[in-house]
Amino acid sequence: MSHPHDPHATYGHDEHGGEHGPHAEHVEAAHGSLRDYVTGFILSVILTAIPFWLVMGDVIGDSGTTALVILGFAAVQIVVHMVYFLHMNPRSEGGWNMLALIFTTVFVVIILAGSLWVMFHMNANMMPMSPHEARIQP
C-alpha cells in the first residue's frame, strides 16, 4: 500500500482511459480548450463592436432605446465571459458555482430594483420648495 502523498502513487483508470483521483475532475473542469478561448474572444469582440457601432453611427436615434439595447448586449457579454473564460456551467464544482451565481444575481436585482423604486417614489412624492419656502420652515 502506498503513502497518500507518494508522488509515484497511481490512481485507477476507467475503461475509457480517464483518471480517477482527488484532482482528476477538478483539473478537467478548470481548463478550457484553445477553441473555447478563441470562441469567447471572438464573441466578446463582436458584442463590443455592435454597441460601439450603434452609438457612433446613431443607428437607433432614441437614446433611451439605445441604452436598453447596450445593456442587453452587456448582459449577453457577461454570460459569454462566465462561460468561455471562467468556465462556469451547471457541472462545475458540483453545481455550487451556478447556485452561487444565481443567488448573487437575484440579490443584486432585488437591491437595484428596490433602490430605484425608493428613489423614484421619493422624487415623485416630495413637495418642491422655493428658496423662500425653505427659509421659513421651522
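Between the CD atom of Gln77 and the CD1 atom of Ile70 there is a distance of 12.0 Å, given to the nearest 0.5 Å. Here the straight-line distance linking atom CG of Asn97 with atom CG of Leu101 works out to 8.5 Å at 0.5 Å rounding. How far CD1 of Ile78 is from CG of Leu86: 11.5 Å, rounded to the nearest 0.5 Å. A distance of 15.0 Å separates CZ of Phe41 from CG of Asp36, quoted to the nearest 0.5 Å. Here CZ of Phe120 is found 15.0 Å from OG of Ser115. Values are rounded to the nearest 0.5 Å.
Under the 4.5 Å side-chain heavy-atom criterion for grouping Ile, Leu, Val, Met, Phe, Trp and Tyr, Ile50 is not connected to Leu68 through any hydrophobic cluster. Put simply, Leu47 and Ile42 are part of the same group of oily side chains (I, L, V, M, F, W, Y) that touch within less than 4.5 Å, one to the next. Under the 4.5 Å side-chain heavy-atom criterion for ILVMFWY residues, no single connected hydrophobic cluster contains both Leu112 and Met122. Taking hydrophobic clusters as Ile, Leu, Val, Met, Phe, Trp and Tyr residues chained together by side-chain heavy-atom distances below 4.5 Å, Val55 does not share a cluster with Val76. A continuous path of ILVMFWY side-chain contacts below 4.5 Å connects Ile46 to Val79, so both sit in one hydrophobic cluster.
Residues Val80 and Ser44 come closest through the heavy atom pair CG1-OG, 4.0 Å. Scanning both residues, Gly61 and Thr66, for their nearest heavy atoms gives N-OG1, 4.4 Å.
Contact of the Ile60 side chain with the Val69 side chain is registered, since non-hydrogen atoms from C-beta on lie closer than 4.5 Å. Between His87 and Val83, the closest side-chain pair of non-hydrogen atoms is not below 4.5 Å.
Among pairs with a residue in residues 88-119, those fulfilling ring pair (Phe, Tyr, Trp, His ring centres under 6.0 Å) read Trp117-His121, at least two apart in sequence or across chains.
For Trp53, the ring pair (Phe, Tyr, Trp, His ring centres under 6.0 Å) criterion is met by no residue, not counting sequence neighbours.
More than 12 heavy atoms of other residues, nucleotides or ligands lie within 6.0 Å of CZ in Phe85, so this atom counts as buried by the packing criterion.
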